[in-house]
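Read the structure below first, then the notes.
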Amino acid sequence: GAVVSQHPSWVICKSGTSVKIECRSLDFQATTMFWYRQFPKQSLMLMATSNEGSKATYEQGVEKDKFLINHASLTLSTLTVTSAHPEDSSFYICSATASSGIYTEAFFGQGTRLTVV
Amino acid sequence: ILNVEQSPQSLHVQEGDSTNFTCSFPSSNFYALHWYRWETAKSPEALFVMTLNGDEKKKGRISATLNTKEGYSYLYIKGSQPEDSATYLCAFEVGANSKLTFGKGITLSVRP
């Protein structure tokens, strides 16, 4: 299957700093990438949909100025958590889609555990 | 807000036991139902994508069924093995845009 690589796998940062997370599709071109967040014992929640070359579409309640998404190429999308605070501590995971004919499959990265101290 | 429910939340079984999980989802605006297997520290791995009412898919000892009219899907594991230990996620898709709404997942632990 297709491979999506996400880095870093974990990061600890100080409150007020910014953190960048990268999501790369290694062996296919992904026109669309998705960013999810998961709090403990909760489901994966979609944060935003990222299309190559255009502005990301954010889900209701997700601050676009806080979670900056850049999708400059068909193989790379980045999520920057700006001015991170402890409440931003969570598990962030990306997925990239590839068409398989009738339906579109989503391939996931390994996720990033962010801890803000 | 779409509601995707999975039950049970966790399951502990003995090696060799067969088990099944339930995923319930809205029966309206259905496009596809996805099942993923997620091992700790790895990426979620796609198991099945199911689109038609009555679909039944199989991969080795794992199979899944789909009922779109009543809004549920079952995932079965026959003769569970320790390597089946993982979290199993289902996700509901409303249209051909791959925007997925996930359940909380079911954590399976298989004792040798």
Side-chain angles (χ1 to χ4, degrees), chain A residues 1-10 23-28 30-51 54 56-62 77 91-113, chain B residues 1-10 21-26 29-53 55 57 59 64 66 68 73 86-107:
Chain A
V3 179
V4 175
S5 178
Q6 185 174 341
H7 291 282
S9 55
W10 60 270
C23 180
R24 293 181 185 271
S25 55
L26 297 185
D27 50 4
F28 68 102
T31 52
T32 304
M33 289 188 176
F34 299 86
W35 287 95
Y36 295 84
R37 178 169 55 179
Q38 184 182 37
F39 291 108
K41 298 192 184 299
Q42 299 300 311
S43 56
L44 291 173
M45 295 296 293
L46 181 66
M47 297 175 68
T49 303
S50 166
N51 290 298
S54 62
T57 302
Y58 290 82
E59 295 299 300
Q60 194 173 8
V62 179
S77 177
F91 182 79
Y92 294 86
I93 191 167
C94 68
S95 74
T97 57
S99 177
S100 298
I102 299 173
Y103 54 80
T104 303
E105 285 192 70
F107 299 93
F108 284 83
Q110 302 93 325
T112 298
R113 173 76 57 195
Chain B
I1 297 176
L2 297 173
N3 212 21
V4 179
E5 300 284 345
Q6 289 189 251
S7 61
Q9 191 172 355
S10 64
F21 315 135
T22 304
C23 173
S24 60
F25 51 86
N29 298 320
F30 177 86
Y31 184 77
L33 193 282
H34 300 247
W35 280 101
Y36 287 88
R37 179 172 177 275
W38 195 1
E39 289 183 73
T40 303
K42 294 187 178 180
S43 306
E45 172 198 355
L47 288 174
F48 305 112
V49 182
M50 310 183 78
T51 55
L52 297 175
N53 183 46
D55 251 359
K57 295 201 172 182
K59 185 186 282 190
L66 179 68
T68 60
S73 175
T87 296
Y88 291 82
L89 300 172
C90 71
F92 175 75
E93 188 176 357
V94 298
N97 64 0
S98 295
K99 188 172 175 177
L100 300 177
T101 299
F102 283 86
K104 291 183 180 180
I106 297 164
T107 301

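Lettering follows sequence order; numbering is per chain, from 1. All values below come from the heavy atoms of this structure, side chains included, with hydrogens, waters and symmetry mates left out.
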Contact class of A:Leu44 relative to chain B, heavy atoms under 4.5 angstrom: both

Top of B:Gly105, B:Gly103, B:Ala46 for chain A proximity - count of heavy-atom pairs under 4.5 angstrom: B:Gly103

Parallel, tilted or perpendicular: rings of B:Trp38 and A:Phe91 (30°, 60°): tilted

Closest non-hydrogen atom pair, B:Ser43 against A:Val4: OG-O, 4.5 Å

A:Phe108 to B:Pro44 - nearest heavy-atom pair and separation: CB-CD, 3.4 Å

Close side-chain approach of A:Gln42 and B:Lys104, heavy atoms under 4.5 Å: yes

B:Lys59 atom NZ: more than 12 heavy-atom contacts under 6.0 Å: yes

Structural part of A:Gln38 lying under 4.5 Å from a heavy atom of chain B: side chain

